Amino acid sequence: MKIATWNVNSVRARLPRLVPWLQERQPDVLCIQESKVEDDLFPREPLEDEGYNIEVHGEKTYNGVAILSRYPMEAVAKGFPDDPPDASRRALSCIVKDMMILNLYVPNGQALGHPKYVDKLAWLDRLRAYLDQSFDPREKVLVTGDFNITFDDRDVWDPEGMRDGIHCSRPERDKLAQVMQFGLADGLRHFHEEAGIYTWWHHRGMGFQRGQGMRIDHFLLSDAALRCCTDIVVDTGARKGRNTSDHAPVIATFAE
DNA sequence: ATGGTGGGTTCCCCA
């Protein structure tokens, strides 16, 4: 089974890249972030035509998550249990086969000290509480999406310049570590230790062409999920050329 | 120190 995550930066704008990518890579499940569309305007038909069931939790203009799955999705849950009705749409979970999947779009945070940064840290506390409340670390649990946080210097093209920058600061990394302590491992690092594996590059200033990126899209796996995972790779090919997202997809493969 | 690009739907916000 192949499970992928991709911040598409608008699912409607990305359709001309997304549909051929699905045909080429044939993931069984795709977790989408930044769909940027209300649920009743989500482009269901061209994706259903590729053989996917679709669950959405979106909003106008900003944020939004969705899951495409060739297998039935059960126990679908939208947002956090304590979300107010107007909360930004950032979390969507379901069970596929025996895997609990949680798809996240973690707040960006903008800059250290910004009110959005404070919100980001608080949101990560609520994520940990949600895991404690609704997930079982002894089961196969897969938490994926755009975390907007790097783990360490290997994930950053300019670690010195970014030392206290957004996505790299100590408080963000500490909050991510707190989430991991639920019983989750950084899946990609189980297979690939080298520095310079990135999932995001700025659209500005030829970031991708210059190799100026960060690894901020992750697969966090419980022990049981990690045991049946055989590899996790970034599909940098999807970041090449025109009309791309600023993120590349990440693909995890599991033994059946 | 600043700006550069891209998406949405704004007369600017967000990443």
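No hydrogens, no waters, no symmetry mates; every other heavy atom, side chains included, goes into these values. Proteins come first, then strands; the chains are lettered A, B, ... in the order of their sequence lines, and each starts at number 1. Bear in mind the structure is a predicted one, so any value in this text is a computation, not a measurement.
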Whole-angstrom distance between dG3(B) and dG8(B), as gauged at atom P:
25 Å
The side chain to side chain donor-acceptor pair (under 3.5 Å) partners of Glu24(A) (sequence neighbours excluded) come to none
N/O to N/O distances under 3.5 Å, protein versus nucleotides 9-12 of chain B:
{"unit_1": "dT9(B)", "atom_1": "OP1", "unit_2": "Thr61(A)", "atom_2": "OG1", "d": "3.0"}

My understanding is that a hydrophobic cluster links ILVMFWY residues whose side chain heavy atoms are under 4.5 Å apart, including indirect links. Using that, what else belongs to the cluster containing Trp200(A)?
Val156(A), Trp157(A), Met162(A), Tyr198(A), Trp201(A), Phe208(A), Met214(A), Ile216(A)
Expressed as a whole number of angstroms, how long is the span from Glu34(A):CD to dC14(B):C1'?
8 Å
Which is more 5' along DNA chain B, the nucleotide nearest Asn7(A) or the one nearest Ser35(A)? Just name the residue.
Ser35(A)
Taking salt bridge (charged side-chain N to carboxylate O under 4.0 Å, His left out) as the cut-off, I'd like each qualifying pair that reaches into residues 115-129 of chain A, sequence neighbours left out, listed once.
Asp82(A)-Arg126(A), Asp83(A)-Arg126(A), Lys120(A)-Glu172(A), Asp125(A)-Lys175(A), Arg128(A)-Asp132(A)
Under the rule for side chain to side chain donor-acceptor pair (under 3.5 Å), what residues qualify as partners of Thr144(A), not counting sequence neighbours?
none
Find the distance Glu59(A):CD to dC14(B):C1' and express it as a whole number of Å.
12 Å
Does anything in residues 43-86 of chain A form a ring pair (Phe, Tyr, Trp, His ring centres under 6.0 Å)? List the pairs, not counting sequence neighbours.
Phe80(A)-Trp123(A), Phe80(A)-Tyr130(A)
Could you give the CG-to-P distance, from Leu41(A) to dG7(B), as a whole number of Å?
18 Å
Counting any heavy atom closer than 4.0 Å, what does Phe208(A) reach on the DNA or RNA strands: base, sugar-phosphate only, or nothing?
nothing
For nucleotides 1-5 of chain B, which of its nitrogen or oxygen atoms have a protein nitrogen or oxygen under 3.5 Å away, and what is each distance?
{"unit_1": "dG4(B)", "atom_1": "O6", "unit_2": "Arg204(A)", "atom_2": "NH1", "d": "3.4"}
{"unit_1": "dT5(B)", "atom_1": "O4'", "unit_2": "His203(A)", "atom_2": "O", "d": "3.3"}

Between dC14(B) (C1') and Tyr117(A) (OH): distance, integer Å
19 Å
Taken in chain and number order and not counting sequence neighbours, the residues that satisfy side chain to side chain donor-acceptor pair (under 3.5 Å) with Asp231(A) are His192(A)
Please say which of Asp153(A), Asp152(A), Asp155(A) ends up in a salt bridge (charged side-chain N to carboxylate O under 4.0 Å, His left out) with Arg215(A).
Asp155(A)
Mind listing the side-chain donor-acceptor pairs of residues 14-21 of chain A below 3.5 Å, one per line with the distance, residues two or more places apart or on another chain?
{"unit_1": "Arg14(A)", "atom_1": "NE", "unit_2": "Val8(A)", "atom_2": "O", "d": "2.7"}
{"unit_1": "Arg14(A)", "atom_1": "NH1", "unit_2": "Asn243(A)", "atom_2": "O", "d": "3.0"}
{"unit_1": "Arg14(A)", "atom_1": "NH1", "unit_2": "Thr244(A)", "atom_2": "O", "d": "3.4"}
{"unit_1": "Arg14(A)", "atom_1": "NH2", "unit_2": "Val8(A)", "atom_2": "O", "d": "3.4"}
{"unit_1": "Arg14(A)", "atom_1": "NH2", "unit_2": "Asn9(A)", "atom_2": "O", "d": "3.0"}
{"unit_1": "Arg17(A)", "atom_1": "NH1", "unit_2": "Lys240(A)", "atom_2": "O", "d": "3.1"}
{"unit_1": "Arg17(A)", "atom_1": "NH1", "unit_2": "Arg242(A)", "atom_2": "O", "d": "2.8"}
{"unit_1": "Arg17(A)", "atom_1": "NH2", "unit_2": "Ala238(A)", "atom_2": "O", "d": "3.1"}
{"unit_1": "Arg17(A)", "atom_1": "NH2", "unit_2": "Lys240(A)", "atom_2": "O", "d": "2.8"}
{"unit_1": "Trp21(A)", "atom_1": "NE1", "unit_2": "Asp235(A)", "atom_2": "OD2", "d": "2.7"}

Could you measure between the two P atoms, the one in dT5(B) and the one in dA1(B), and give it in whole Å?
22 Å
Measure from CD on Gln33(A) to P on dC14(B) and round the result to the nearest Å.
20 Å
Phe219(A): what forms a ring pair (Phe, Tyr, Trp, His ring centres under 6.0 Å) with it, not counting sequence neighbours?
none
Mind checking side chain to side chain donor-acceptor pair (under 3.5 Å) for Ser69(A) and listing every partner two or more places apart, or none if nothing turns up?
none
Asn63(A) atom CG is separated from dA15(B) atom C1', nearest whole Å, by 10 Å
Assert: residue with more 5' nearest nucleotide on DNA chain B, out of Ser10(A) and Gln110(A), is Ser10(A)
Check whether any side-chain heavy atom of Val141(A) sits under 4.5 Å from a side-chain heavy atom of Leu184(A), and report yes or no.
yes
DNA chain B contacts among residues 13-25 of chain A, heavy-atom distance under 4.0 Å
Ala13(A), Arg14(A)
Can you measure Ile166(A) atom CD1 to dA15(B) atom P for me and round it to whole angstrom units?
10 Å
Nearest-0.5 Å distance that lies between atom CG in Leu220(A) and atom CG in Leu226(A):
11.0 Å
Considering only atom P, compute the distance from dG6(B) to dT2(B) and round it to an integer number of Å.
23 Å
Using the P atom as the reference point in each nucleotide, state the distance between dA15(B) and dT9(B) in Å, no decimals.
15 Å
Would you mind reading off the distance between Trp6(A) atom CH2 and dG7(B) atom P, rounded to a whole angstrom?
12 Å
